Every structure is written in structure tokens, then in C-alpha cells.
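Below: the structure, in C-alpha cells.
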Amino acid sequence: SAARTALRTAAGQGVAAVHDLGGPHLGPIEDLTRVREVAADLGVGVTTYWGELATEPTIEWARRAGIAGLAGDLCVDGAIGSHTASLREPYADAVGCGARYVSEQQITDHVIACTRAGLQAGFHCIGDDAVEACVTGMRRAAAVLGIPAVRAARHRLEHLEMVSAADIAPLAELGVVASMQLAFDAAWGRPGELYEQRLGRSRAMGMNRFGSLERVGVRLAFGTDAPVTPLAGWATVRSAVRHWQPGEGLSVRSAFDAATRGANWAAFADNAGTIQAGALASLAIWDIDNTELDGPAPLPRLDGDELPTCVATISAGRLIYRSESF
């Protein structure tokens with residue numbers, strides 16, 4: 001019932017496919033099957049990930065179950081709000097630097113094992129120490145496997161909120177997907193909000209560096225981390241455009257691309273995210289009042305409070321949502 005409610009909500013927001021991140025600390029493995037069964041019934045596309053380190057049993061199970069990767073909520077650290085994100089320097093409002101749950105060697109071994117098994121590897125990483133550990137582990141894995149093999153695997157980092165300038169270029173070089181949540185910055189990024197309370201002003205100014213990552217060529221995939229922040233369509237794009245830090249916001253087209261083609265690319269759905277002959281017929285139809293010509297098609301301006309209203313969603317050629325007015 002919960003899966004059905006969530007997936008119907010997603011379809012009503014113009015979302016034709018979701019990425020479901022499970023893990024042993026979140027619920028039983030059977031939940032992944034339940035979500036996929038409901039998704040198949042409703043017609044919503046779903047890609048599933050399991051957050052557990054690679055072993056022979058987990059790799060074998062992932063292959064049998066059709067899991068895209070041992071990734072997602074595989075936690076290298078915790079969260080800023082609970083003082084458990086792993087930082088290089090202590091918190092501004094608490095003693096200590098947070099918690100690290102996975103070592104650099106474990107990250108290296110995990111990436112190597114997943115790459116060899118044809119699975120995506122990925123980690124939850126928020127603090128700068130956790131991000132640095134992931135980058136170090138992936139670089140060590142590339143030294144063993146070669147950069148082309150690591151790039152081809154499209155390994156993912158979830159959240160990636162506190163990335164240093166030194167760690168951005170290696171992410172682009174290794175083809176790592178930055179799976180990020182725009183609503184985090186909108187909710188907690190501005191002066192006086194959570195990031196500044198926990199980290200102090202200077203470190204808070206370096207959070208969620210969407211623009212910096214894009215300029216270096218890191219592949220961006222935007223989502224919502226529901227239920228931490230609500231399922232959303234255009235609200236996600238608007239949050240990227242309205243990033244409060246100068247130079248870190250994106251254009252409407254770039255943010256839209258990351259929420260569509262980028263998110264599909266992160267799940268190896270290379271034939272999705274564009275409207276053209278031969279592409280997967282997953283579309284959303286929007287009622288838009290305020291548009292500007294930006295490239296080959298008009299996009300909403302997003303400079304006001306009004307957002308486009310979804311009137312219909314099609315997933316792989318199947319109508320999965322239609323508003324009463326459509």
C-alpha cells in the first residue's frame with residue numbers, strides 16, 4: 001500500500017521512473033520485490049539498488065534478483081543534522097567530526113568487486129571526509145582495473161553534499177554519477193539554516209556545488225531522496241536554478257537535463273530522456289503559463305512561485321497518470 005501511494009504520487013508529478021534504494025538497515029530484501037511488483041502493475045519504471053558491501057553471496061543475489069547495483073544507501077557516513085556526517089574538521093556546534101562507517105579499503109574492494117561483476121557500486125556520502133574516502137577508494141580501484149572499466153560501470157555517489165575542490169576533477173575523470181537532491185539546499189542551505197548552524201558560515205558556503213560539478217564535467221542526476229524531502233518534479237529543477245550561492249546554480253535547461261536525461265543515464269537507460277524516434281516513450285505533459293525560448297523547445301522561467309502542472313504522464317508508452325482536466 002505504501003509503495004502504491006508513493007508511485008502514484010510520483011506519476012502525478014510527471015515522474016515516469018524511480019530509483020528505489022534499499023538496504024538491510026531500512027527493511028527486508030523482499031521490499032524491493034514488493035515495490036517492483038507494484039510498479040509493474042501501475043506502469044511506473046523502477047530501478048532497484050541494495051546498500052550492502054559486495055561479497056560473493058550479495059553479488060550472486062543481486063544478479064538473480066535483477067538489482068542494478070550494490071549502491072544507494074550504503075552509508076559511508078551519516079547526516080549533517082544528527083552530527084554523524086563525517087567531516088575533516090569538527091562541527092561548529094558540537095564536539096567531534098561525526099562518524100565514518102566504511103573504510104577506504106572497503107570502498108576500494110567494493111568498487112573492484114562490483115565492477116568485475118557488472119554491477120554499479122555506490123555510496124551515501126555527505127561530509128567532506130566521507131566524500132574524500134569515496135574518491136580515494138575509486139581512484140585506487142581504477143589503479144587496479146583501469147579508468148575505462150571504472151567509467152563504464154557508472155558508479156554512483158548519493159548526496160555528495162560537501163565535496164572539496166580537489167575531489168571534483170577525479171569524479172569527472174572516473175565517470176562517477178553525482179546523484180544529488182536539490183531540495184536539501186533549498187531547505188537547509190541559506191544563511192542561518194541547518195548547514196550554517198552545524199558547520200559555520202565558511203563551510204556552509206561550499207555545500208551542494210551543482211555548478212562547480214557541472215563545469216568540470218561530472219555527470220549530474222537529480223532526485224528527491226523521498227521521504228526525507230517530498231517527491232517532486234519541477235520543484236527539483238527550480239531548487240537547482242535558485243541555489244543561493246553565486247556560481248552554484250544551474251540554468252533551467254541544465255537542471256532539467258540532470259533531472260531527466262542525467263537520471264536516466266545513471267540507471268543505464270540511455271534511450272530515455274529525449275523525445276525522438278527510437279527513444280523510450282516516457283513523457284510528461286505539462287500545463288505551463290510562463291515560458292521562454294531556451295534552445296529547441298520552451299521551458300518555464302521558474303522566476304516566480306508558480307510551477308507547471310502535470311496533466312499526464314506516460315511511461316514506456318503506457319498512460320500512468322491523467323489529471324481530471326486533461
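These figures come from a predicted structure and were not determined experimentally.
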**OP:** Applying side-chain contact (heavy atoms from CB on, under 4.5 Å) between Asp20 and each of Leu32, Ile67, Thr47, Leu7, report the one that passes.
**Re:** Leu32

Subject >> Single-linkage hydrophobic cluster Val176~Ile112, side-chain heavy atoms < 4.5 angstrom >> reply: yes

Original post:
Does a salt bridge link Asp128 with Arg100, judged by any charged N lying under 4.0 Å from a carboxylate O?
Top reply: no

Subject >> Polar side chain donor-acceptor pair, Ser179 to Glu158, under 3.5 angstrom >> reply: yes

**OP:** Please determine if Glu30 and Arg34 form a salt bridge, counting it only when a charged side-chain N lies under 4.0 Å from a carboxylate O.
**Re:** no

Original post:
Is it true that the side chains of Arg156 and His124 contain a donor and an acceptor less than 3.5 Å apart?
Top reply: no

**OP:** Can you sort out the partners of Arg261 under salt bridge (charged side-chain N to carboxylate O under 4.0 Å, His left out), two or more places apart, ordered by chain and number?
**Re:** Asp257

Original post:
Is Ile147 reachable from Val144 through a run of I, L, V, M, F, W or Y residues, each pair having side-chain heavy atoms under 4.5 Å apart?
Top reply: yes

Original post:
Looking only at atom types and distance, does a side-chain atom of Arg203 sit under 3.5 Å from a main-chain N or O of Glu89, one as donor and one as acceptor?
Top reply: yes

Original post:
Taking the six-membered ring of Phe268, is the NZ or CZ of Arg154 close enough (under 6.0 Å from the centre) and on axis enough (within 45°)?
Top reply: yes

Original post:
Any side-chain heavy atom of Tyr195 within less than 4.5 Å of one from Ile80?
Top reply: yes

Original post:
For Gln197 and Asp93, does a side-chain donor sit closer than 3.5 Å to a side-chain acceptor?
Top reply: no

Original post:
For Arg4, which residues count as a salt bridge (charged side-chain N to carboxylate O under 4.0 Å, His left out) partner, sequence neighbours excluded?
Top reply: Asp41

Subject >> Any pair counted as ring pair (Phe, Tyr, Trp, His ring centres under 6.0 Å), so long as it reaches residues 200-222, sequence neighbours left out >> reply: Phe210-Phe222, Phe210-His243

**OP:** Evaluate ring-ring contact (aromatic ring centres under 6.0 Å, His included) for Phe123 paired with His155, printing each intermediate quantity in order.
**Re:** CA-CA 9 Å; Phe123 303 91; His155 300 309; 8.7 Å; no

Original post:
When clusters are formed by joining ILVMFWY residues with side-chain heavy atoms under 4.5 Å apart, either directly or through shared neighbours, do Tyr321 and Ile285 land in the same one?
Top reply: no

Original post:
Is it true that a side-chain atom of Glu248 and a backbone atom of Ser212 form a donor plus acceptor pair closer than 3.5 Å?
Top reply: yes

Original post:
Just checking, any donor-acceptor pair under 3.5 angstrom between side chains of Thr309 and Asp287?
Top reply: no

Subject >> Single-linkage hydrophobic cluster Leu182~Val131, side-chain heavy atoms < 4.5 angstrom >> reply: yes

Original post:
How are the rings of Trp234 and Phe256 set to each other: parallel, tilted or perpendicular (split at 30° and 60°)?
Top reply: parallel

